[in-house]
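Worksheet: one structure, shown below.
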There are 2 protein chains.
Amino acid sequence: MPQAAQPSPRGERTRGSILEAAEALFAERGFAETRLEDVAEAVGIRRASIVYYFRDKRELYDAVLADVFAGLRERIEPVLLAPGPLARRIPAAVGVWVDYVGERPSLARLLLREVADTAREGGPALLDHIQPFFHLAARVLDESRDDPLRADPRLDPVHVASTVAGSTVFFVAAMPALLPGRGFDPLGEAQLAAHRAEVLAITRRMLARPSARLADPGSP
Amino acid sequence: MPQAAQPSPRGERTRGSILEAAEALFAERGFAETRLEDVAEAVGIRRASIVYYFRDKRELYDAVLADVFAGLRERIEPVLLAPGPLARRIPAAVGVWVDYVGERPSLARLLLREVADTAREGGPALLDHIQPFFHLAARVLDESRDDPLRADPRLDPVHVASTVAGSTVFFVAAMPALLPGRGFDPLGEAQLAAHRAEVLAITRRMLARPSARLADPGSP
DNA sequence: GTCTATAGAGAGATAGAC
DNA sequence: GTCTATCTCTCTATAGAC
């Protein structure tokens with residue numbers, strides 16, 4: 001928001017358009033290769049106007065990440081906090097995840113890039129935006145102390161999440177590239193349904209027959 | 001190689017060092033954010049000297065990709081072409097894949113980035129480097145016409161490959177970021193073994209109970 | 001083969017008018 | 001709020017000496 005003043009309706013609309021255009025471009029090209037010029041053009045304004053809403057390029061990028069992850073959280077939180085056994089809630093959350101990525105495929109590419117950037121010294125901002133999901137997970141597990149799944153020491157939530165996230169995100173982003181020529185669309189009804197079924201099967205197997213918990217050298 | 005002349009031993013060594021440094025930096029930071037200056041510094045030479053070996057930045061990047069994927073192919077080809085049922089060769093190939101990524105984690109990040117770039121118009125060079133794997137797969141399937149797995153129309157090799165690749169690559173790159181603080185090392189003996197077991201279980205399930213083949217709108 | 005020096009493009013940030 | 005104009009920095013690519 002502009003200088004802590006109350007935003008005008010027009011301003012809110014412009015701001016939203018900038019976010020939308022930036023999300024698409026950052027996802028497609030990455031942070032460094034995206035020119036503010038292109039974002040402005042997509043919105044139909046001039047480059048300098050973007051600065052009115054976002055101090056600089058980095059802040060715009062952060063706002064995009066915040067927006068995308070907030071949307072995901074809004075969807076996942078209710079199904080994870082709903083009553084019922086974990087063995088039911090977790091697959092439900094996985095289904096919601098796949099559907100969300102299907103609707104907002106920018107998330108797939110943004111996440112792919114952020115994860116790849118992980119090794120950098122300065123480090124990406126990913127962690128800030130992922131943090132809420134850790135809190136959510138901690139809360140869910142804490143409130144389900146009696147759940148049989150919770151008791152199984154062989155089950156590593158982070159490992160499950162990594163597998164599910166990795167396969168979906170890769171599927172959505174990679175399939176079109178891997179099937180060259182044909183206009184393959186991983187986001188089509190049938191494709192996405194097939195993938196959802198596959199990921200759910202994987203999830204259920206992991207929950208039913210968890211492998212040894214990964215050693216966690218630093219845990220207290 | 002320099003101007004089609006026979007390379008001197010010293011030149012070959014320098015060229016190798018450049019490739020090695022470039023691989024690490026491109027993987028960590030991506031193409032756009034990697035400065036030739038840094039590659040040169042890592043090698044201990046000056047920026048201009050790189051041009052002696054690689055016409056420009058893009059060519060260097062391409063050489064890195066070619067090198068990394070060629071290494072993978074060298075490992076996977078023999079196990080896929082070995083005699084025996086597909087139900088045994090495929091898991092073996094998956095095991096080799098996980099081990100290779102463990103030894104050369106740059107591949108994980110490079111692949112993550114390339115896949116994310118897929119949506120770009122100009123398009124990344126990924127396809128050129130992946131092509132040999134398609135040929136390999138086609139050959140293997142062709143030579144296994146009698147294999148029971150081959151006959152199953154519900155089995156989609158690309159889908160299996162995408163799932164396996166996605167989960168491994170994400171695991172290797174994401175785990176250190178997702179487990180902040182502690183010095184988590186997904187490439188450690190135990191972690192990698194646990195992941196390999198997990199991916200193999202996933203693979204075997206997919207082979208044993210394949211889901212419906214994904215519709216392929218453009219296939220002949 | 002490797003270096004120094006420099007040219008030149010690209011793109012983000014800033015100042016200030018309307 | 002949005003624009004024009006400009007400043008400045010970074011980084012690639014090139015020319016040519018050693």
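So that the names make sense, note that chain A is the first sequence line, chain B the second, and so on, each numbered from 1. Because the structure is predicted, anything quoted here is derived from the model rather than measured. Values reported hereafter were calculated over all heavy atoms of this structure, with side chains retained and with hydrogens, waters and symmetry mates removed.
The list of ring pair (Phe, Tyr, Trp, His ring centres under 6.0 Å) pairs with a residue in residues 60-79 of chain A, not counting sequence neighbours, reads A:Phe26-A:Tyr61, A:Phe31-A:Tyr61.
Closest to the side chain of A:Tyr52, out of D:dT12, C:dG1, D:dG1, is D:dG1. In the set D:dT12, C:dT2, D:dG1, D:dT12 carries the atom at the smallest distance from any side-chain atom of B:Arg47. Checked against C:dC3, D:dA13, C:dA13, the side chain of B:Ser49 finds its nearest nucleotide in C:dC3.
Partners of A:Asp99 under the salt bridge (charged side-chain N to carboxylate O under 4.0 Å, His left out) rule, at least two apart in sequence or in another chain, are A:Arg196. Annotation: salt bridge (charged side-chain N to carboxylate O under 4.0 Å, His left out) contacts of B:Arg109 (sequence neighbours excluded): none. Looking at residues two or more places apart in sequence or on another chain, you find a side chain to side chain donor-acceptor pair (under 3.5 Å) between A:Glu103 and A:Arg75. Remark: A:Ser106 engages A:Glu23 in a side chain to side chain donor-acceptor pair (under 3.5 Å) (not counting sequence neighbours). With sequence neighbours excluded, the residues that form a side chain to side chain donor-acceptor pair (under 3.5 Å) with A:Asp67 are A:Arg104. By the side chain to side chain donor-acceptor pair (under 3.5 Å) test, B:Arg35 is found to be paired with B:Asp38, residues two or more places apart in sequence or in another chain being considered.
Inter-residue side-chain proximity for B:Phe171 and B:Val199 is flagged as unmet; no heavy-atom pair is nearer than 4.5 Å. Using a 4.5 Å heavy-atom cutoff, the side chains of B:Val160 and B:Val94 are not in contact.
Distance A:Tyr53 OH to D:dC3 C1': 13 Å, rounded to the nearest Å. Atom CZ in B:Phe54 sits about 16 Å away from atom P in D:dT14, given to the nearest Å. Atom CD in B:Glu12 sits about 11 Å away from atom P in C:dT2, given to the nearest Å. To the nearest angstrom, C1' of C:dA13 lies 17 Å from CZ of A:Arg46. Between B:Ile45 atom CD1 and C:dT2 atom P there is a gap of 6 Å when expressed in whole angstrom units. Residue A:Ile50 contributes atom CD1, which lies 15 Å from atom C1' of C:dT14 at whole-angstrom precision. Going from atom CZ of B:Arg55 over to atom P of D:dA15 covers 13 Å, rounded to whole Å. In this entry the distance linking NZ of A:Lys57 with P of D:dT10 reads 15 Å, nearest Å.
Of the residues in residues 32-43 of chain A, those with a non-hydrogen atom less than 4.0 angstrom from any atom of DNA chain C are A:Thr34, A:Arg35, A:Leu36.
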What does the list of N/O pairs under 3.5 Å between the protein and nucleotides 15-18 of chain C look like, with a distance for each?
none

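The number of heavy-atom neighbours closer than 6.0 Å to CD of B:Glu77, taken from other residues, nucleotides and ligands shown, is above 12.
Under 4.0 angstrom from either OP1 or OP2 of D:dG1 there lies no side-chain N or O belonging to A:Thr14. Contact annotation: B:Arg13 side-chain N/O to C:dG1 OP1/OP2 distance is not under 4.0 Å.
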Can you give the donor-acceptor pairs under 3.5 Å from side chains of residues 133-142 of chain B to other protein atoms, not counting sequence neighbours?
unit_1: B:Arg139; atom_1: NE; unit_2: B:Glu143; atom_2: OE2; d: 3.2
unit_1: B:Asp142; atom_1: OD1; unit_2: B:Arg145; atom_2: NH2; d: 2.9
unit_1: B:Asp142; atom_1: OD2; unit_2: B:Arg145; atom_2: NH2; d: 3.4

Tabulate below the donor-acceptor pairs under 3.5 Å that side-chain atoms of residues 40-51 of chain B make, not counting sequence neighbours, or state none.
unit_1: B:Arg47; atom_1: NH1; unit_2: B:Glu37; atom_2: OE1; d: 2.3
unit_1: B:Ser49; atom_1: OG; unit_2: B:Arg46; atom_2: O; d: 3.4

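From one end of the helix from C:dG1-D:dC18 to C:dC18-D:dG1 to the other, with five pairs defining each end axis, the axis direction shifts by 10° (rounded to 10°).
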